[in-house]
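Here's the structure we're looking at; comments come further down.
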Amino acid sequence: MKINHYILGLSLMAAGAGLCLTSCTDKFLEEDLITQKSTDTYKTQDGLDELVTGAYQKLKFKFNYIWAIECYNMGVDEFTSGANNMTGWNAYSTSLNSTETGANQPMWDNMYGLVEPANILIQNIPLYYSQKSANYNTRLGEAYFLRAYAYFELVKQFGGVPLKLTPSTGVETHFTRNSLEECYKQIIDDFEKSYDLLPETPAQTGRITKSAAAHFLAKAHLFRASELYDDWNGSYKEADLDAVIKYGKEVIAAHPLCNDFVQLWDYKKANGDNEKVSEVVLAAQFSDDKATRGRYGNQMHLYYPSVYQNLSGCIRDISGDREFCYVSATEYSMQVFDRVNDSRFWKSFITTYNCNSTKGAPSYTADDAAYLPDGKNVGDKRFVGKEIGVKYIVNDPGDTRFTDENGKKSDLGVLKDGKLEPQHTFIRYYKGENFSWNISKDNTTGNYYNLMPAINRSVALSKFRDGYRDSYNSQFGTRDAIIARSADDVLMVAEAYARKKDYSNAITYLNMVRDRAGYSEGEDRAKHVDGGQAYKNNSVCTGGTAGRPGTECPIYCETNTYYESNNIPVSTASTKSKLHLNSLSDILNSTVDEPIYKALNLTSDYDKVMCFILDERTRELIGESQRWEDLARTKTLEARWNAFNCASTLGQGKFDPAKNYFRPIPQSFLDDLTNENGQALTKEEKQALQNPGY
């Protein structure tokens with residue numbers, strides 16, 4: 001039974017700086033409504049069970065709404081703005097400030113909204129929970145984990161924050177910020193307590209285990225050992241790196257990697273087998289149960305899709321997702337993959353869409369007569385339902401096959417070897433275009449499908465597609481959201497060894513994910529699988545229409561453009577040896593990574609190895625809500641944003657290293673603070689508590 005069938009809603013009251021606990025949603029084990037809870041409830045064993053279960057809801061925060069993109073996946077090398085251009089987050093413009101209305105305040109409120117119930121649990125479980133109960137250690141371990149998790153999320157975004165370690169007894173308005181060193185000590189201490197208390201195996205799907213605590217211990221130690229904290233972390237580094245290796249190896253042993261990368265994303269229905277694969281260490285629990293999905297559901301499926309509904313012959317349906325299109329993958333995200341040998345690219349991105357409306361499909365016109373494909377006539381439909389209607393060609397510069405009919409590089413004017421491509425076709429590089437890391441405004445370099453500031457078309461990330469929603473416009477995603485998986489531990493252990501300059505062991509762990517990434521002998525490289533396929537098991541998708549009247553088939557397509565993009569003959573040979581690292585030289589001389597080393601002006605072996613590991617984190621973890629934090633902790637965010645995010649070239653904002661490695665403290669929090677005497681803070685006192693530059 002998933003724990004999200006048993007919910008007590010928790011929220012942080014938005015009245016000043018006071019931290020209060022309220023019951024605001026429903027409990028759904030026996031379908032009875034919880035309307036009010038007094039503090040006395042949390043002096044009983046049943047009440048404490050309810051409280052800890054309700055606190056799990058905060059683990060969904062990262063996946064609930066637009067902050068999932070803003071805080072973690074914008075303003076980085078992997079993604080730039082899509083159809084929605086939020087310059088504060090992607091371009092570091094002045095719109096990201098202490099009064100910003102996007103993610104900043106919700107991040108602060110929700111994580112402190114988790115701290116308060118965790119404090120109640122830590123205080124009350126030893127007093128009111130039977131120590132003879134089989135659940136005693138687990139409940140206390142969950143409480144310590146949840147408090148550490150909340151503070152870790154806050155610290156990664158805001159820097160040092162106020163540490164509040166006891167429950168509130170009333171409205172509190174006097175807080176001071178703790179140092180980063182103090183915060184990390186508390187976070188690690190709490191994770192260690194949870195590690196000692198939690199079970200190896202969860203009693204219910206989705207509950208926190210010892211492995212989850214070990215994963216976050218490894219991550220917290222790695223963060224503390226990283227460059228962002230070099231002004232104070234020197235005495236911790238050696239022990240921190242040893243801890244990363246210790247805890248990371250434990251997680252890897254307890255949660256073996258999936259045999260095939262696609263198993264992580266092979267979503268067929270809510271609560272299905274795909275959500276129970278061994279590699280997942282912790283996931284926020286979502287489902288198709290309307291009663292428990294809360295206000296938002298899992299909304300990650302909204303943010304990555306390329307817009308397709310305004311292309312003729314294509315209608316939005318459940319299988320294709322609702323295209324909010326907040327971000328677009330960058331040229332770096334195309335270039336960082338060996339797209340011939342590394343299956344992770346083709347198992348992470350969408351390159352084809354079906355035509356699901358013959359009626360709306362375009363026809364060849366008289367203007368096309370000179371370029372018609374063999375056997376086609378003016379007036380013929382270019383494609384019909386159940387045929388591919390949209391494709392993205394992810395080719396390299398120097399490809400001479402693709403030109404355009406009318407000089408406008410329109411999607412219906414693409415010529416391949418002098419003949420019109422029938423589909424809406426988006427070309428990465430036309431004949432004669434030169435390589436560029438960023439978009440050229442005059443199209444003399446790779447036009448990357450569209451130009452800023454509104455990139456409606458891109459090779460869209462497929463990891464979060466959700467064909468199990470209840471309508472084609474529904475925002476309520478049903479998939480569990482992975483918070484931690486053991487491939488991340490593999491990469492953390494590799495990085496810890498690399499930081500110790502033990503490159504041999506680093507390569508051993510890098511090969512764990514790289515050996516899996518290669519194609520297996522006999523594998524069909526043209527096959528595409530993602531969660532859009534869940535429409536097949538969705539009761540609202542009748543007659544193959546993917547839940548949209550007027551469609552003939554799903555927009556979801558089970559093929560990709562692997563062979564056409566790479567311009568190679570069909571092969572079923574294994575590529576695993578192509579990705580395997582045999583020595584340090586394979587890293588230093590990687591044909592894929594060398595252009596990235598050059599773009600970042602890297603010369604030393606150490607810097608190239610660390611760059612390679614960040615590149616490998618992209619290849620494995622792209623879009624999984626870690627990138628901004630990884631680039632911030634390694635202090636590579638400025639260099640990579642300038643090199644690879646086109647927002648750096650458009651005059652929308654400028655990355656300030658003295659400012660942008662942390663987010664602004666919300667102004668509403670500062671405005672409601674008082675000094676020790678209960679007096680409102682002066683402007684100067686507020687500024688002293690704010691992060692520099694805001």
Side-chain angles (χ1 to χ4, degrees), residues 1-7 9 25-29 31 53-54 56-65 68 202-208 258 262-305 316-322 324 347 350 461-485 529-542 544-548 554-556 558 623-625:
M1 181 182 67
K2 285 194 173 189
I3 62 169
N4 67 350
H5 287 95
Y6 189 55
I7 294 174
T25 57
D26 304 332
K27 166 191 170 187
F28 291 98
L29 184 60
E31 304 295 332
T53 301
Y56 270 81
Q57 290 298 96
K58 293 299 183 186
L59 295 180
K60 296 182 178 183
F61 168 79
K62 187 179 287 191
F63 315 100
N64 271 154
Y65 200 54
Q204 295 168 299
T205 300
R207 286 218 178 254
I208 301 161
C258 294
V262 82
Q263 291 174 264
L264 290 158
W265 320 113
D266 188 14
Y267 180 71
K268 295 183 174 70
K269 63 179 181 179
N271 309 325
D273 292 340
N274 162 255
E275 299 189 330
K276 303 178 181 69
V277 294
S278 61
E279 187 169 330
V280 174
V281 179
L282 181 65
Q285 301 295 292
F286 294 93
S287 79
D288 59 336
D289 183 348
K290 293 182 181 180
T292 62
R293 67 188 183 184
R295 181 179 174 189
Y296 300 109
N298 181 356
Q299 297 205 353
M300 292 299 286
H301 64 95
L302 295 169
Y303 305 125
Y304 294 99
R316 176 187 286 169
D317 68 14
I318 288 176
S319 74
D321 279 331
R322 185 175 177 182
F324 277 22
K347 294 170 182 177
I350 304 164
L461 194 72
S462 64
K463 287 180 174 180
F464 307 111
R465 230 178 186 183
D466 189 343
Y468 211 70
R469 296 168 298 118
D470 59 12
S471 75
Y472 63 88
N473 273 336
S474 175
Q475 299 180 35
F476 292 95
T478 63
R479 300 179 65 161
D480 288 354
I482 298 173
I483 296 171
R485 60 182 178 95
V529 174
D530 69 44
Q533 68 179 331
Y535 83 91
K536 299 174 185 177
N537 300 308
N538 190 337
S539 62
V540 303
C541 297
T542 57
T545 62
R548 184 71 185 267
I555 203 85
Y556 173 77
E558 297 182 338
E624 295 181 46
S625 300

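Because the structure is predicted, anything quoted here is derived from the model rather than measured.
Side-chain atoms of Pro554 and Asp317, non-hydrogen and from C-beta on, do get closer than 4.5 Å to each other. By the 4.5 Å heavy-atom criterion applied to side chains, Glu275 and Tyr267 are counted as neighbours. Under the 4.5 Å side-chain criterion, counting only non-hydrogen atoms from C-beta, Asp530 is in contact with Tyr556. Put simply, the side chain of Tyr468 reaches to within 4.5 Å of the side chain of Asn537, judged on heavy atoms. With a 4.5 Å cut-off on side-chain heavy atoms, Gln263 and Glu279 do not count as touching. Side chains of Phe63 and Phe464 form no contact here, defined as non-hydrogen atoms less than 4.5 Å apart. A 4.5 Å side-chain heavy-atom check between Arg465 and Tyr304 finds every atom pair outside the cut-off. For the pair Val540/Tyr472, no side-chain contact is recorded, criterion being any heavy-atom separation below 4.5 Å from C-beta on.
With hydrogens and angles left out, the side-chain atoms of Thr478 and Asp288 include no donor and acceptor closer than 3.5 Å. Using modelled atom types, one finds a donor on one side chain and an acceptor on the other under 3.5 Å when comparing Asn473 with Arg316.
Between Asn271 atom CG and Gln285 atom CD the span is 8.0 Å, to the nearest 0.5 Å. Going from atom NZ of Lys463 over to atom CG of Leu264 covers 8.5 Å, rounded to the nearest 0.5 Å. In this structure, the separation between CZ on Phe324 and CD on Gln475 is 4.0 Å, given to the nearest 0.5 Å. The OG atom of Ser539 lies 11.5 Å from the NZ atom of Lys269; values are rounded to the nearest 0.5 Å. Between Arg469 atom CZ and Asp321 atom CG the span is 5.0 Å, to the nearest 0.5 Å. Here CG of Leu59 is found 6.0 Å from CG of Leu282. Values are rounded to the nearest 0.5 Å.
Of the possible donor and acceptor atoms, none in the side chain of Asn274 sits under 3.5 Å from a partner among the backbone N and O of Lys268. Lys536 places no side-chain N or O within donor-acceptor distance of the main-chain N or O of Cys541, the cut-off being under 3.5 Å.
Taking the centre and axis of the six-membered ring of Phe286, the NZ or CZ atom of Lys60 falls inside the cone set by 45° and 6.0 Å.
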Between Asn298 and Lys62, does the side-chain contact (heavy atoms from CB on, under 4.5 Å) criterion hold? Intermediate values first, please. CA-CA 9 Å; Asn298 181 356; Lys62 187 179 287 191; over 6 Å; no
Derivation of the side-chain contact (heavy atoms from CB on, under 4.5 Å) call for Lys290 and Asp470: CA-CA 10 Å; Lys290 293 182 181 180; Asp470 59 12; 3.0 Å; yes
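Closest heavy-atom contact between Gly547 and Ile318: CA-CD1, 3.9 Å. A pairwise comparison of heavy atoms in Asp480 and Ala283 identifies CB-CB, 4.2 Å as the closest pair. Nearest heavy-atom pair, Val280 versus Ile482, reported as atom, atom and distance to 0.1 Å: CG2-CD1, 3.9 Å. Here the closest heavy-atom approach between residue Ser474 and residue His301 is recorded as O-CE1, 3.6 Å.
Between Tyr296 and the options Phe61, Phe476, Tyr65, a ring pair (Phe, Tyr, Trp, His ring centres under 6.0 Å) holds for only Tyr65.
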